[in-house]
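What follows is a set of notes on a single structure, which appears directly below.
What you see below is based on every heavy atom in this structure, not just the backbone, and it leaves out hydrogens, waters and symmetry mates.
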Amino acid sequence: NSVFDDYPQDAIPNKYVLTAHVPSAAEIHALRARIEQAGVQVLDIASRNSDGQELAFIDASGVIWHILERADALPADGPISLDRITLLCRDLAAARAFYENKIGYRVETETESQVVYMIDGRTQLALCAVADARIDFDLPDQSAIWNAHTGMIALSYPTFAEMNAQYETLLNRGVLFNEKPAHFQWDFDASYFCDPDHNIWELYAIPPNIEDRMLPQNEKG
C-alpha cells in the first residue's frame with residue numbers, strides 16, 4: 001500500500017488553513033465580491049474585526065483560506081502569494097513534539113493554542129489546536145473526517161543524494177516513512193511520511209534534465 005491508500009477520502013477536508021495577505025481592505029472587499037459571485041462559501045470569523053479587514057472562505061477542495069490586510073503585501077490582481085500553512089491539530093503537544101523533535105523546526109512565535117515555524121525564510125508553518133480554530137472560523141465538528149488525508153506538503157531537493165540524506169536524517173530521528181525513497185515512472189524519486197494528524201509529507205527530487213529525458217517517452221506515447 002502507498003501512503004495514499006491508508007486513509008479514507010470521502011470527507012470534506014478542513015484540516016488545512018492557508019493564509020495570504022493583500023495590501024488593502026479594498027482588495028479584500030473586491031476578493032469577497034468575486035468569490036461570493038462565484039458561489040464560494042464564505043466563513044464567519046468569530047471574535048475578530050467586522051470591518052472587512054480579513055476574509056475566510058473554503059475552496060473547491062475544502063481547504064480554508066484566510067486573507068488578511070498587510071501594507072507590504074503584493075497586489076491581489078495576480079495570484080495571491082501564500083504566506084502560511086496552518087495544520088489543525090487534535091493534540092497540539094503531540095504535534096509540536098513531532099515537528100520540533102523529529103523534523104527539527106524551531107519556534108518563531110507561540111501562544112497557548114498555536115505555534116509558528118519559519119520553513120524557508122518566506123513561508124511559515126503553523127500548528128493550531130483544532131478547538132480554537134473551530135471557534136475562530138465557526139467550523140463544524142471535525143471528528144468524522146480526521147483520519148482522512150486532505151492534502152500533501154512536498155519538499156523538493158536538488159539531487160537524489162540530498163533527498164536521501166534528508167530521508168536518513170528524519171529516519172534516524174524516529175520519523176516513520178511509508179517506504180524507502182522509490183523511483184517513479186515520471187522520472188523522480190520520492191518518499192512519504194505522515195504526522196500525528198495524518199497529514200502527508202513528500203520528499204522528492206527531480207533530475208535537472210527531466211524535460212530531455214521525458215521527451216522520448218512522450219513521443220512514444
Side-chain angles (χ1 to χ4, degrees), residues 2-21 41 43-48 54-68 82-155 166-167 169-171 173-178 191-203:
S2 77
V3 69
F4 300 101
D5 298 325
D6 292 338
Y7 308 106
Q9 301 181 68
D10 55 350
I12 298 174
N14 282 334
K15 291 166 61 179
Y16 285 70
V17 180
L18 305 181
T19 301
H21 292 84
Q41 179 184 356
L43 296 172
D44 292 329
I45 305 178
S47 303
R48 295 180 181 272
E54 57 184 321
L55 168 67
F57 62 89
I58 297 180
D59 69 16
S61 298
V63 175
I64 301 166
W65 282 80
H66 188 200
I67 312 298
L68 299 165
L82 181 63
D83 300 303
R84 178 185 294 179
I85 302 168
T86 299
L87 305 179
L88 306 186
C89 309
R90 286 180 298 183
D91 186 336
L92 183 59
R96 287 194 62 170
F98 179 83
Y99 282 102
E100 293 170 25
N101 300 334
K102 294 185 177 182
I103 305 303
Y105 286 146
R106 295 185 178 181
V107 175
E108 182 170 300
T109 61
E110 62 180 297
T111 66
E112 184 176 341
S113 61
Q114 179 173 271
V115 60
V116 177
Y117 311 105
M118 181 63 73
I119 298 178
D120 58 5
R122 298 179 306 168
T123 305
Q124 296 174 329
L125 175 72
L127 307 177
C128 180
V130 67
D132 293 273
R134 285 184 60 195
I135 294 172
D136 285 348
F137 294 104
D138 192 24
L139 297 176
D141 183 7
Q142 260 114 316
S143 59
I145 64 99
W146 208 265
N147 286 335
H149 60 265
T150 60
M152 181 178 73
I153 302 174
L155 302 177
Q166 181 68 86
Y167 164 81
T169 296
L170 296 180
L171 191 67
R173 291 177 183 168
V175 174
L176 299 178
F177 282 80
N178 180 65
S191 190
Y192 302 89
F193 65 88
C194 289
D195 72 5
D197 291 298
H198 305 282
N199 297 300
I200 299 173
W201 285 75
E202 177 187 56
L203 311 181

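Within the model, atoms CG of L155 and CD1 of I119 stand 7.5 Å from one another, a figure rounded to the nearest 0.5 Å. Interatomic distance, E54 CD to L68 CG, rounded to the nearest 0.5 Å: 5.5 Å. I200 CD1 to D195 CG: the interatomic distance, rounded to the nearest 0.5 Å, is 10.0 Å. Residue R84 holds its CZ atom at 12.0 Å from CG of L18, rounded to the nearest 0.5 Å. Within the model, atoms SG of C128 and CG of L92 stand 7.5 Å from one another, a figure rounded to the nearest 0.5 Å. Here the OG1-CD1 distance, from T123 to I153, works out to 10.5 Å after rounding to the nearest 0.5 Å.
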Task: Steps toward side chain to side chain contact (heavy atoms under 4.5 Å, CB included) verdict (V175, Y167) - done: CA-CA 9 Å; V175 174; Y167 164 81; over 6 Å; no
- [ ] Could you please spell out the steps behind the side chain to side chain contact (heavy atoms under 4.5 Å, CB included) verdict for N101 and R173?
- [x] CA-CA 8 Å; N101 300 334; R173 291 177 183 168; over 6 Å; no
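A side chain to side chain contact (heavy atoms under 4.5 Å, CB included) with L87 is found for one member of V17, L125, D197 and no other, namely L125.
Across F98 and C194, no two heavy atoms sit closer than the pair CZ-O, 3.8 Å. Considering all non-hydrogen atoms of both residues, F193 and L176 come closest at CB-O, 3.4 Å. Contact detail for P196 and A94: the closest heavy-atom pair is CG-O, 4.0 Å.
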Show me, pair by pair, the donor-acceptor contacts under 3.5 angstrom made by side chains of residues 102-109, not counting sequence neighbours?
unit_1, atom_1, unit_2, atom_2, d
K102, NZ, G174, O, 3.4
E108, OE2, Q124, NE2, 3.1

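Qualifying ring-ring contact (aromatic ring centres under 6.0 Å, His included) partners for Y99, counting only residues two or more places apart in sequence or in other chains: W201. The salt bridge (Lys or Arg N to Asp or Glu O under 4.0 Å) test applied to R96 returns E100, E110, not counting sequence neighbours.
A side-chain donor-acceptor contact under 3.5 Å links D83 to the backbone of H21.
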